[in-house]
Amino acid sequence: MKIDLLPSANSRWNPDADGRFGEFGGQFVPETLMAAVLQLQDVYAKVRVDHAFWENLHARLVTYVGRPSPLYHAERLSERLGGAAIYLKREDLNHTGAHKINNTMGQVLLAKQMAKQRIIAETGAGQHGVATATAAACFGLECVVYMGAEDIRRQRLNVFRMELLGARVVSVDSGQKTLKDAINAAMRDWMGTSEHTHYVIGSVMGPHPYPQMVRDFQAIIGRETRAQILDATGKLPDRVVACVGGGSNAAGMFTGFLDDDEVTLIGVEAAGEDMKPNRHAATISAGAPGILHGMRTLVLQDEHGQTLPVHSVSAGLDYPGVGPEHAFWKQCGRVQYTAIDDQAALDAFTILCETEGIIPALESAHAVAEVLRIAPTMKKDQTIVLNLSGRGDKDVVEVGRLLGKSWQ
Ligand SMILES: *Cc1c(COP(=O)(O)O)cnc(C)c1O
């Protein structure tokens, strides 16, 4: 399969010249960061139309990441639910086990093109940190990852993985000592170092051009899927489902289908324990417009505009903001958003393991849960594509604890 990665120059879904998607997006950064952001915007505008860059990247994604990832007809799951035919886009089969590597390979290649010698990144649970450390090692660049002290304590194994891959992990002791604080620390580093350092953001968030750029790097998911489903069924899918943390795997998948009005796109957020403040991460369902991490978007906040703590059983969905284009897609009605709670995600995790022999990431299990809900309401000649954003090996210890099972 030959996939052209060159992003569309004149799509109506691109942001405007100021990086706005409707009222969302933009560049809300301190003066000291503006020079770095503008330099990146400039370089990326040129790279975006540079065929050689995208061909170069695609070659790496084939030989190193293992693309294209398969589109798998989950016949046993489809039969069990008795409705639509379900297809799984197997991003879990990528090198490092999730979609995040599509973005980090793109950004590190871009850093090389800009002659930067140093890579920095933030990480929450450690997945983006590992994917960044991997790409930095692959291209031979120095790598520093900022991680909240609380996350370091909870995710020791990923800290060790990053160190094995040659990265230095810096503990962040401010605020709640989690993802939000790690992003602030990485931005502070970048203010003083942007001349030789590129900051790899892990989702479709942050100031322009990051949301657009990360979506462009993840668009390979949607482009491959569109070709694969047409090949497999001879028609477009009826519905496409993906989980939404910051929103990058969903944005990459949806980009393949945005102009196909007949395809219903569904983003699934984390409803956590329940929908009371501090107990979920369903930003689109319960957030209000605000400014966070350099962008205007929907944010979970209290009545004074203070960002609220969030909770989800899956660490990768645990973010109080969301990529600005999701806020826009929600507002203009192109994408529907729902929320799945911890228990339903856990049930879906088990069902996919037993029915298909695939252990999904807990993040992806939220999308699986939505499919369990909607597939039985659909006809047998209809199809659903589910983006299986990552594998669940990283989650089996936590799932064992939640299910009250011990394997030792
Ligand atoms: C990080 C992660 C997510 C959430 O991030 P998005 O930017 O919303 O895609 C989802 N699934 C997996 C497997 C992840 O590692």
Side-chain angles (χ1 to χ4, degrees), residues 69 88-104 106-107 121-132 134 147 151 155 158 161 179 182-183 200-206 210-211 213-222 241-255 266-270 281-284 293 295 297-298 310 312-327 329 335 337 339-340 345 348-349 352 358-370 386-396 398-399:
S69 67
L88 308 178
K89 178 59 170 169
R90 300 291 308 274
E91 289 299 297
D92 60 314
L93 295 179
N94 294 336
H95 177 46
T96 67
H99 68 289
K100 287 197 169 73
I101 191 93
N102 302 326
N103 169 44
T104 60
Q107 285 201 49
E122 83 290 343
T123 198
Q127 299 304 113
H128 174 58
V130 170
T132 304
T134 301
M147 189 168 183
D151 288 331
Q155 305 285 346
N158 273 339
R161 271 198 191 104
L179 175 61
I183 296 174
V200 177
I201 291 186
S203 191
V204 283
M205 46 154 289
Y210 282 102
M213 180 171 74
V214 176
R215 193 238 290 184
D216 289 341
F217 289 139
Q218 293 292 359
I220 190 166
I221 303 173
V241 182
C243 66
V244 177
S248 68
N249 85 85
M253 173 58 94
F254 294 167
T255 293
I266 304 171
V268 185
E269 295 192 300
T283 309
I284 294 180
H293 296 139
M295 59 184 163
T297 188
L298 294 171
V310 282
S312 165
V313 68
S314 68
L317 301 185
D318 213 342
Y319 179 61
V322 68
E325 52 198 337
H326 284 286
W329 290 337
V335 179
Y337 294 87
I340 289 289
F349 178 96
L352 193 69
I358 296 169
I359 303 179
L362 276 172
E363 293 85 359
S364 322
H366 286 71
V368 176
E370 176 65 12
L386 191 181
N387 195 27
L388 204 71
S389 55
R391 67 175 181 228
D393 302 56
K394 67 183 179 60
D395 295 317
V396 292
E398 176 67 1
V399 169

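Counting starts at 1 for both ligands and their atoms, in listed order.
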Heavy atoms only: which of Leu362, Leu388, Ile101, Asn249 lies closest to atom 9 (O) of ligand 1?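 Result: the heavy atom closest to atom 9 (O) of ligand 1 is in Asn249.
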- prompt: Counting heavy atoms only, which of Gln218, His128, Lys100, Met205 comes nearest to atom 14 (C) of ligand 1?
  reply: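 Selected option, by shortest heavy-atom distance: Lys100.
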Notebook entry, point to check: Applying a strict 4.0 Å limit to heavy atoms, is Cys243 in contact with ligand 1?
Noted result: yes
**Item:** His99 heavy atom under 4.0 Å from ligand 1
**Value:**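 It does, in that a heavy atom of His99 comes within the 4.0 Å cut-off of ligand 1.
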Within a distance under 4.0 Å of any heavy atom of [X], pick out the atoms of ligand 1 and give their elements.
X: Ala361; result: 13 (C)
X: Gly390; result: 13 (C)
X: Gly245; result: 8 (O)

Side-chain heavy atoms of [X] within contact of [Y], under 4.5 Å:
X: Tyr319; Y: Thr283; answer: no
X: Asn103; Y: Ser248; answer: no
X: Asn102; Y: Asn94; answer: yes
X: Leu179; Y: Asp318; answer: no

With respect to [X], determine whether any N or O atom, backbone or side chain, lies less than 3.5 Å from an N or O atom of ligand 1.
X: Ser203; value: yes
X: Gly247; value: yes
X: Leu317; value: no

| request: For His326, check ring-ring contact (aromatic ring centres under 6.0 Å, His included) against everything at least two apart and list the hits. | output: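 With neighbours one apart ignored, the set is Trp329, Tyr337.
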Residue set satisfying ring-ring contact (aromatic ring centres under 6.0 Å, His included) with Phe254, at least two apart, ordered chain then number -> none
Looking at CG of Asn158 and NZ of Lys394, how far apart are the two atoms once the value is rounded to the nearest 0.5 Å?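 Here the rounded value is 8.5 Å.
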[atom]: the protein heavy-atom neighbour that sits closest, reported with distance to 0.1 Å:
atom: atom 4 (C) of ligand 1; result: Gly316 O, 3.3 Å
atom: atom 10 (C) of ligand 1; result: Glu363 CB, 3.5 Å
atom: atom 6 (P) of ligand 1; result: Ser248 N, 3.3 Å

Point to revise | Evaluation steps, side-chain hydrogen bond (donor to acceptor under 3.5 Å, both in side chains), between Thr132 and Thr104 | key: CA-CA 5 Å; Thr132 304; Thr104 60; 5.2 Å; no
The single option from His99, Arg90, Glu91 that satisfies side chain to side chain donor-acceptor pair (under 3.5 Å) with Ser69 is Glu91
At under 4.0 Å between heavy atoms, what of Ser389 touches ligand 1? The answer is both
